[in-house]
Amino acid sequence: MDVRFTRMREGGLVRVARLPVTSDRNPYQRLLYSHLAGHGVELVGHGWLTPGWLEAHTDDVDVLHVHWRLDRLVDDDEPLGPPRAWTPDSAAEAAARLGQQLAHATELGYTLAWTVHEVAQLGGTAPTLEHLAAVELGRHAHVVLTHNQVATARVIDLGLAPRDRVRTVPLGHYGDAHGAPADLTRCDLGISDDATVFLAFGHQRHDKALDLLREAFEQLDRDDVALVIAGADDRPGTSGGSEDPRIVQRGHVPDEHVAALHQLADATVLARGYEWTPSSLVLSLSHGCPAIAAELASVSEHGGPGVFTFHPGDAADLAATMARVADDPTERRIRGTAGKAFVRACTWDDTAAATTAAFADGLAAARADTAS
């Protein structure tokens, strides 16, 4: 009988290596693994798919747990560097190499678990590195985890993994993720007390549709609103500044300012127009700050009553929604309170318990594959 499966069944520690390498700037993995420890799952560190690492750790790692970003799995030279450009040929070559590495890992007895975060990158007609890598992960994974039903359906519909190997795991809230808020006021940001403050929070990337947000905000012909864009911006070709005096730009946000920014804002705005794992939405509602977000299944599932929705990709509708939010403080309070109760009903212990169960299923599947 497989020793790893016996360990999980008898309640012993299951040892997990996560990959690809990450900086933990996003608190998701830190919260997940700290709570998994209470369920008998120990994080031993980062894993690598190189033959030397895999062959050296067969006795001290049971599960290889894959998260974002899939390009880092195959970029061995600079995994924490900026995303590199992939031609169709180089993407296919890298994905084929990844498939060989994953096959080697499972042959050595590792259980492979993959949590899908960036579901919008999967599928499509272009042979992108992300989709080709996802095909290889789905082919070799013993269990695939998602955080919402639309991602689960997408993985199954694309044929990336069989239905019996996909698990939907709840996403815990971020109310306690960044510690106590610092003393940060609107005055510190140069914003008047009577302005309606919209917050666009998080690492600024091209996939977050910040250009759409700016276009929508510029359509608000009024001086009683402000937009705070807070988060590191390393997008090539962006200046990081704004000629609109109503827009406040802030770079890297220290942990002590995360809760403070959400508490001084009247609403957050998430302009992205496709399905995703909306941690930033959950973060906003965790602090009682209502959110404006695209009308998507994942937004509805994670945000519940705390969201004002707009038509995805429609700057005019986003502007109209922002104007509505600015004019209705009562509705903002109602949605903020309801949204906070909604997301805080799910804890990271709930996430950890469901993840532990998924790992157990993955270990059992790996054992069955070995026996067949």
Side-chain angles (χ1 to χ4, degrees), residues 16-22 45-58 61-146 151-152 154-167 205-207 274-277 358 362-363 365-370 372:
V16 176
R18 60 174 175 170
L19 61 161
V21 63
T22 185
H46 285 106
W48 302 86
L49 292 175
T50 57
W53 189 95
L54 291 172
E55 291 162 9
H57 292 276
T58 55
V61 173
D62 306 305
V63 177
L64 299 175
H65 189 190
V66 177
H67 293 278
W68 68 78
R69 292 176 358 216
L70 301 190
D71 59 303
R72 289 178 177 170
L73 284 177
V74 297
D75 192 351
D76 297 329
D77 295 333
E78 195 177 1
L80 285 179
R84 56 182 282 194
W86 297 92
T87 66
D89 287 343
S90 65
E93 180 182 347
R97 184 171 67 251
L98 174 62
Q100 294 169 355
Q101 293 174 320
L102 295 172
H104 185 47
T106 57
E107 288 166 0
L108 289 173
Y110 291 99
T111 293
L112 179 63
W114 171 32
T115 295
V116 178
H117 298 278
E118 297 154 332
V119 66
Q121 295 181 340
L122 312 184
T125 57
T128 64
L129 182 279
E130 289 78 8
H131 178 66
L132 295 176
V135 169
E136 296 298 338
L137 280 166
R139 178 180 300 154
H140 294 93
H142 298 103
V143 65
V144 177
L145 297 78
T146 76
T152 293
R154 180 83 170 148
V155 168
I156 294 169
D157 291 346
L158 288 172
L160 293 175
R163 184 181 301 272
D164 64 353
R165 293 204 174 185
V166 184
R167 303 288 183 272
R205 302 192 305 264
H206 285 295
D207 64 340
Y274 51 80
E275 302 292 0
W276 48 307
T277 300
L363 286 158
R367 174 174 172 263
D369 287 352
T370 301
S372 62

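Just so you know, these numbers come straight off a predicted model, no measurement behind them.
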Can His142 and Thr106 be said to form a side chain to side chain contact (heavy atoms under 4.5 Å, CB included), step by step?
CA-CA 9 Å; His142 298 103; Thr106 57; 3.6 Å; yes
Mind running side chain to side chain contact (heavy atoms under 4.5 Å, CB included) on Glu55 and His104 for me, showing each step along the way?
CA-CA 9 Å; Glu55 291 162 9; His104 185 47; 3.0 Å; yes
Considering non-hydrogen atoms only, spot the tightest contact between Arg72 and Val21 and give its length.
NH1-O, 3.5 Å
Val74 and Arg97, any side-chain heavy atoms less than 4.5 Å apart
yes
Between Tyr110 and His57, the two heavy atoms sitting closest are OH-C, 3.0 Å
Stepwise, does the side chain to side chain contact (heavy atoms under 4.5 Å, CB included) test hold for Val119 with Tyr274?
CA-CA 9 Å; Val119 66; Tyr274 51 80; over 6 Å; no
Can you see which heavy atom on Ala113 is nearest to which on Val63, and at what distance?
CB-CG1, 4.1 Å
Asp62 versus Thr111: any side-chain heavy-atom pair under 4.5 Å?
no
Reported CG-to-CG distance for the pair Leu64 and Leu102, which is rounded to 0.5 angstrom:
8.5 Å
If you measure from NE2 on His131 to CD on Glu136, what distance do you get to the nearest 0.5 Å?
10.5 Å
Arg154 side-chain N/O to Leu122 backbone N/O, donor-acceptor pair under 3.5 Å
yes
Do you know which two heavy atoms are closest between Ala358 and Leu145, and how far apart they sit?
CB-CD2, 3.8 Å
To the nearest 0.5 Å, how far apart are CH2 in Trp53 and OG1 in Thr58?
9.5 Å
Smallest heavy-atom separation, Ala151 atom then Thr146 atom, equals CB-CB, 3.8 Å
Sequence neighbours excluded, the answer for ring-ring contact (aromatic ring centres under 6.0 Å, His included) partners of Trp86 is none
Starting from the C-alpha separation in whole Å, work towards a yes-or-no answer on side chain to side chain contact (heavy atoms under 4.5 Å, CB included) for Val116 and Leu160.
CA-CA 11 Å; Val116 178; Leu160 293 175; over 6 Å; no
Spatial distance of atom CG (Leu73) from atom CH2 (Trp48) [nearest 0.5 Å]:
10.0 Å
CG of Leu70 to CG of Leu98, rounded to nearest 0.5 Å, is 8.5 Å
Mind checking the OG1-NE2 spacing from Thr22 to His67? Nearest 0.5 Å is all I need.
9.0 Å
Closest heavy-atom pair, Asp164 versus Arg167, reported as atoms and distance to 0.1 Å, is O-NH1, 2.9 Å
Listed pairs under 3.5 Å, donor-acceptor, residues 87-96 side chains, sequence neighbours left out:
{"unit_1": "Thr87", "atom_1": "OG1", "unit_2": "Ser90", "atom_2": "N", "d": "3.0"}
{"unit_1": "Thr87", "atom_1": "OG1", "unit_2": "Ser90", "atom_2": "OG", "d": "3.0"}
{"unit_1": "Ser90", "atom_1": "OG", "unit_2": "Thr87", "atom_2": "N", "d": "2.8"}
{"unit_1": "Ser90", "atom_1": "OG", "unit_2": "Thr87", "atom_2": "O", "d": "3.1"}

